[in-house]
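Computation of the quantities below employed the complete heavy-atom set of this structure, encompassing side-chain atoms and omitting hydrogens, waters and symmetry-equivalent molecules. Fair warning: this is a prediction, and the values are worked out from it, not measured in the lab.
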Amino acid sequence: MKHQPPPPPRRWGVVAAVVALVLLACLQIQYQHLKVDLGKAGFASATQENNAIPSRNRIRWGTARTRKAATGADSLPRGIVQRHSDMSLRPLWEDDAASTHKNKNGDHSALLAMAVGISQIKNVDTMARKFLKENYAVMLFHYDGNVDGWRHLEWSDKAIHILAHNQTKWWFAKRFLHPDVMAIYDFIFLWDEDLGVESFNPRRYLDIMVSEGLEITQPALDPDLSTDIHHRITIRNKMTKVHRRIYDNRPSMNCSDESKGPPCTGWVEGMAPVFSRAAWKCVWHLIQNDLIHGWGLDMKLGYCAQLPCPLLNKMERGHDISG
């Protein structure tokens with residue numbers, strides 16, 4: 001029997017290298033599977049633990065900068081990203097560019113948004129005409145389901161119509177007036193449908209807001225024509241263009257120079273607020289998803305009249321703003 005000589009050392013080296021590569025590949029695959037499993041388990045346990053912690057004590061992961069960057073559009077090529085939109089109608093059968101909702105002097109762009117019902121069509125018609133005359137945008141939130149009842153108005157096709165049964169203007173505003181869509185407008189009028197505007201000029205009003213550097217305002221009420229005036233700060237002062245406080249010595253309401261908060265000073269009622277673009281970005285975050293009538297929101301609007309907005313800064317740092 002002839003003895004076979006051992007394979008040369010070079011062959012053993014090749015075999016060892018192949019075995020090492022196979023083992024390395026197997027270990028890499030096992031590591032990836034283990035990483036995925038641990039990630040799923042960690043996410044589930046972290047979610048359960050976070051849900052068990054009271055909301056005011058939860059950790060707010062990430063910063064404003066990281067959240068802003070995670071838009072989902074990071075992978076798009078430079079030059080095609082459109083960060084904002086508007087409410088301009090762009091019919092398929094017209095080639096002309098859509099209106100930019102600038103007024104005749106090109107000074108401001110604005111949007112009038114109202115929750116409306118067919119019973120107030122006459123009053124809303126008057127308001128819409130005033131704003132469309134200045135080439136401002138008009139959006140109607142129909143809470144009664146009747147959209148066809150507005151079709152006969154000559155300006156109806158120029159307005160945006162949104163229908164949702166039995167909802168209020170704050171519900172509509174939270175869902176359809178996102179700051180990124182409203183960024184094209186300098187001012188947002190979020191009004192009730194029963195306001196009388198016979199003596200109101202929207203362009204002149206915005207000129208006053210700009211000249212006074214105001215972020216959130218409300219047109220004053222005429223005491224001779226208005227009913228159900230609940231707060232004196234909303235009554236027109238014929239001696240000045242604007243007023244920021246009132247003086248009232250009634251036992252139930254002691255408003256003086258020492259008054260620091262609403263409704264004596266720095267307060268805008270919820271029936272006819274007007275927001276600057278920057279203020280609306282803050283107010284939109286302030287509106288809660290389940291807000292119905294808006295009671296109490298007017299007491300918090302002052303957060304958003306101080307720019308840069310302290311409310312957003314508190315939210316980003318995880319501070320509790322309730323109470």
Inset, instruction - Give the ring-plane orientation class for His293 versus Trp295, where under 30° counts as parallel, over 60° as perpendicular and anything between as tilted. - result: parallel
Legend entry - Note, Asn123 side chain near Glu193 side chain (heavy atom, < 4.5 Å): no
Inset, instruction - Please test Trp155 against Asp125 for side chain to side chain donor-acceptor pair (under 3.5 Å), starting from the C-alpha separation and ending with a verdict. - result: CA-CA 9 Å; Trp155 53 264; Asp125 179 38; 2.6 Å; yes
Legend entry - Any side-chain heavy-atom pair of Arg129 and Glu154 under 4.5 Å: yes
Inset, instruction - Tell me yes or no: between the side chains of Trp171 and Asp290, is some donor less than 3.5 Å from an acceptor? - result: no
Inset, instruction - Considering non-hydrogen atoms only, spot the tightest contact between Lys260 and Asp257 and give its length. - result: NZ-O, 4.4 Å
Inset, instruction - Go through Gln218 and Val274 one step at a time and tell me if the side chain to side chain contact (heavy atoms under 4.5 Å, CB included) criterion holds. - result: CA-CA 6 Å; Gln218 173 190 325; Val274 183; over 6 Å; no
Inset, instruction - Report yes if some heavy atom in the side chain of Leu177 is under 4.5 Å from a heavy atom in the side chain of Leu111; otherwise report no. - result: yes
Legend entry - Pairwise distance CD(Glu198) to OG1(Thr126) - rounded to 0.5 angstrom: 6.5 Å
Legend entry - Main-chain N/O of Leu132 paired with Lys158 side-chain donor or acceptor, under 3.5 Å: no
Inset, instruction - Would you give the length of the straight line joining atom NE2 of His285 to atom SG of Cys304, rounded to the nearest 0.5 angstrom? - result: 10.0 Å
Inset, instruction - May I ask you to test the Ile162-Phe172 pair for a side-chain heavy-atom distance under 4.5 Å? - result: yes
Legend entry - Distance (rounded to the nearest 0.5 Å) between Leu286 CG and Leu301 CG: 6.5 Å
Legend entry - Salt-bridge criterion met for Asp148 and Arg151 (N-O under 4.0 Å): yes
Inset, instruction - Could you tell me whether the side chain of Asp186 and the main chain of Ser109 form a donor-acceptor pair under 3.5 Å? - result: yes
Legend entry - Side-chain donor/acceptor of Thr265 to backbone N/O of Arg244, under 3.5 Å: yes
Inset, instruction - Would you check if there is a donor-acceptor pair between the side chains of Ser259 and Tyr247 at a distance under 3.5 Å? - result: no
Inset, instruction - Please answer: with hydrophobic residues joined when any side-chain heavy atoms are less than 4.5 Å apart, are Tyr143 and Leu163 in the same cluster? - result: no
Legend entry - Sub-4.5 Å side-chain heavy-atom contact between Asp180 and His84: yes
Legend entry - Lys/Arg-Asp/Glu bridge criterion (N-O < 4.0 Å) met for Glu215, Arg277: no
Legend entry - Ile160 with Val147, same ILVMFWY side-chain cluster at under 4.5 Å: no
Legend entry - Flag side-chain contact, heavy atom, 4.5 Å: Leu195 against Phe200: no
Legend entry - Co-membership, hydrophobic cluster, residues Val138 and Ile118, 4.5 Å side-chain: yes
Inset, instruction - Apply side chain to side chain contact (heavy atoms under 4.5 Å, CB included) to Val268 and Asp298, showing your working. - result: CA-CA 6 Å; Val268 171; Asp298 46 16; over 6 Å; no
Legend entry - Whether Tyr303 side chain and Cys282 backbone form a donor-acceptor pair below 3.5 Å: no
Legend entry - Interatomic distance, Met127 atom CE to Asp192 atom CG [nearest 0.5 angstrom]: 8.5 Å
Inset, instruction - Without swapping roles, check the side chain of Gln167 against the backbone of His165 for a donor-acceptor pair under 3.5 Å. - result: yes
Legend entry - Step-by-step salt bridge (charged side-chain N to carboxylate O under 4.0 Å, His left out) determination, Glu134 to Arg204: CA-CA 10 Å; Glu134 301 296 338; Arg204 183 164 176 257; over 6 Å; no
Inset, instruction - Please report the closest heavy-atom contact between Pro219 and Trp191, naming both atoms and the distance. - result: CG-CZ2, 3.7 Å
Inset, instruction - Verify, without hydrogens or angle tests, whether Tyr136 (side chain) and Ala128 (backbone) share a donor-acceptor contact under 3.5 angstrom. - result: no
Inset, instruction - Indicate whether the side chain of Ser156 and that of His161 have a donor and an acceptor atom separated by less than 3.5 Å. - result: yes
Inset, instruction - Could you tell me which non-hydrogen atom of Pro202 sits nearest to which non-hydrogen atom of Lys130, and how far apart they are? - result: CG-O, 3.9 Å
Inset, instruction - Please answer whether the main-chain N or O of Ile292 pairs with a side-chain N or O of Thr168 as donor and acceptor at a distance below 3.5 Å. - result: yes
Inset, instruction - Using a 4.5 Å cut-off on heavy atoms from C-beta on, say whether the side chain of Leu140 contacts that of Val124. - result: yes
Legend entry - Distance-minimising heavy-atom pair for Ile216 and Ala279: CG1-CB, 3.7 Å
Inset, instruction - Keeping the roles fixed (side chain from Arg203, backbone from Phe131), state whether a donor-acceptor pair exists under 3.5 Å. - result: no
Legend entry - Flag, side chain of Lys169 to backbone of Ala113, donor-acceptor distance under 3.5 Å: no
Legend entry - All side chain to side chain donor-acceptor pair (under 3.5 Å) counterparts of Gln120, not counting sequence neighbours: none
Legend entry - Sub-6.0 Å ring centroid separation between Trp170 and Phe141: no
Inset, instruction - Show the numbers, then the answer: is there a ring-ring contact (aromatic ring centres under 6.0 Å, His included) between Trp284 and Phe275? - result: CA-CA 11 Å; Trp284 186 88; Phe275 307 97; over 10 Å; no
Inset, instruction - May I ask you to say whether Asp222 pairs ionically with Arg236, meaning some side-chain N is under 4.0 Å from a carboxylate O? - result: no
Legend entry - Inter-residue atom distance Ile188.CD1 - Ser276.OG, 0.5 Å rounding: 8.0 Å
Inset, instruction - Calculate, to the nearest 0.5 Å, the distance between atoms CE and CZ belonging to Met182 and Phe176 respectively. - result: 11.5 Å
Legend entry - N/O donor-acceptor pair under 3.5 Å between His178 side chain and Arg175 backbone: no
Inset, instruction - Check whether any side-chain heavy atom of Asp207 sits under 4.5 Å from a side-chain heavy atom of His108, and report yes or no. - result: yes
